[in-house]
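Working notes, structure below.
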Amino acid sequence: MKLQGSPKIWTVTQTQFAQIIGVSQQRVSQLIDEQVLMKDEGSKSGAILLIDSLREYYLSKQAAKDGAESINYWKERALLTKKQRELAELKLEKERGNLYEAAEVEGVLAEMLVNFRNKLTGIAAKLSPQLEGKSVAQINSILANEIEDNLNELASEMEGAKFVEANENENDNGTEKYVGEKFTPGTANDSFRMGG
């Protein structure tokens with residue numbers, strides 16, 4: 001390699017440049033296509049401007065390294081910010097009374113379902129004296145009405161359910177009291193969310 005004249009115009013072949021930076025000649029061709037390396041426009045042999053190409057090559061390597069680190073940092077920062085925003089939104093919804101802890105909802109619903117189960121299991125004892133001597137059609141009608149009444153009662157209980165804020169809403173004797181908005185399934189104030 002013979003270098004003459006100003007360093008700004010020193011040129012080398014692609015093979016020589018590959019040896020200088022320790023890559024294959026094919027990689028040098030790729031870098032030329034990616035416009036990382038600069039060809040000497042006055043050269044018919046496709047020579048590469050040495051100084052400018054070395055500077056651009058090492059700047060692009062550094063940028064790739066810095067870019068990978070900064071992408072990871074900013075990506076992680078964005079994820080953190082998103083999670084913080086979601087937590088703040090959930091906290092605000094809870095303060096507004098539009099969001100309830102799963103334990104609160106489970107407790108209220110469990111109590112309702114136990115009561116409902118007890119009513120259903122008591123239907124036989126309650127209705128057996130009334131069903132004695134009735135026709136099949138009358139028995140079916142009486143049972144259907146009783147079941148419908150129990151389902152309507154359950155729906156009314158669910159519409160009137162209120163949830164407890166365990167720490168803030170205790171009676172003087174230390175027991176919890178029901179407070180807050182009505183929980184009405186399927187309405188605008190139904191903001192309890194399970195599973196995401």
Side-chain angles (χ1 to χ4, degrees), residues 34 36 59-196:
E34 294 169 8
V36 173
L59 286 175
S60 71
K61 277 185 77 168
Q62 186 63 39
K65 181 181 173 188
D66 291 346
E69 290 173 6
S70 66
I71 287 171
N72 289 340
Y73 169 78
W74 290 111
K75 181 180 178 183
E76 291 300 319
R77 181 75 182 154
L79 290 171
L80 175 65
T81 303
K82 180 182 177 189
K83 291 293 180 192
Q84 288 172 335
R85 187 191 77 237
E86 288 172 351
L87 287 173
E89 288 172 359
L90 290 173
K91 183 178 178 182
L92 181 61
E93 287 297 310
K94 187 173 180 186
E95 288 173 1
R96 290 179 177 166
N98 294 331
L99 187 69
Y100 303 96
E101 294 288 334
E104 296 173 52
V105 174
E106 289 170 1
V108 171
L109 292 178
E111 184 179 337
M112 283 183 204
L113 292 175
V114 166
N115 291 340
F116 182 65
R117 179 189 175 278
N118 291 338
K119 287 179 184 180
L120 288 181
T121 56
I123 287 176
K126 178 181 175 183
L127 295 181
S128 58
Q130 297 174 23
L131 299 176
E132 201 171 319
K134 302 282 184 183
S135 70
V136 173
Q138 291 172 323
I139 292 173
N140 284 338
S141 175
I142 293 170
L143 285 174
N145 288 336
E146 185 66 24
I147 291 171
E148 187 68 30
D149 289 344
N150 282 298
L151 288 172
N152 287 334
E153 189 175 329
L154 176 64
S156 295
E157 283 182 33
M158 288 186 78
E159 287 178 6
K162 296 184 181 195
F163 296 97
V164 178
E165 292 292 329
N167 297 333
E168 300 174 4
N169 302 304
E170 292 186 353
N171 289 323
D172 293 335
N173 62 6
T175 60
E176 294 177 348
K177 59 183 179 180
Y178 287 102
V179 295
E181 289 186 34
K182 283 190 343 181
F183 171 74
T184 309
T187 63
N189 67 351
D190 177 14
S191 59
F192 169 70
R193 293 174 255 181
M194 287 180 88

Item checked: Results of salt bridge (Lys or Arg N to Asp or Glu O under 4.0 Å) for Glu34 - residues two or more places apart only -> Arg27

Next item on the list: Specify the closest pair of heavy atoms between Phe116 and Leu151, including all atoms of both residues, with the distance to one decimal.
Entry: CZ-CD2, 3.5 Å

Item checked: Non-hydrogen atoms of Glu101 and Lys94 that approach each other most closely -> OE2-NZ, 2.6 Å

Mind listing the side-chain donor-acceptor pairs of residues 122-134 below 3.5 Å, one per line with the distance, residues two or more places apart or on another chain?
| from | atom 1 | to | atom 2 | distance (Å) |
| --- | --- | --- | --- | --- |
| Lys126 | NZ | Glu146 | OE2 | 3.0 |
| Ser128 | OG | Ala124 | O | 3.2 |

Notebook entry, point to check: For Arg85, which residues count as a salt bridge (Lys or Arg N to Asp or Glu O under 4.0 Å) partner, sequence neighbours excluded?
Noted result: Glu89

Margin query: Just verifying a value: how many Å separate Arg96 CZ and Leu92 CG, rounded to the nearest 0.5 Å?
Written below: 4.0 Å

Margin query: Just verifying a value: how many Å separate Ile142 CD1 and Ile147 CD1, rounded to the nearest 0.5 Å?
Written below: 12.0 Å

Checklist line | Under the salt bridge (Lys or Arg N to Asp or Glu O under 4.0 Å) test, residues paired with Lys83 that sit two or more places apart | finding: Glu86

Notebook entry, point to check: Is a side-chain donor or acceptor of Ser156 paired with a backbone partner of Asn152 at a separation under 3.5 angstrom?
Noted result: yes

Check: With sequence neighbours left out, what residues match Leu80 under side chain to side chain contact (heavy atoms under 4.5 Å, CB included)?
Finding: Arg77, Gln84

Check: Only one of Val114, Val108, Asn115 clears side-chain contact (heavy atoms from CB on, under 4.5 Å) with Glu111; which?
Finding: Asn115

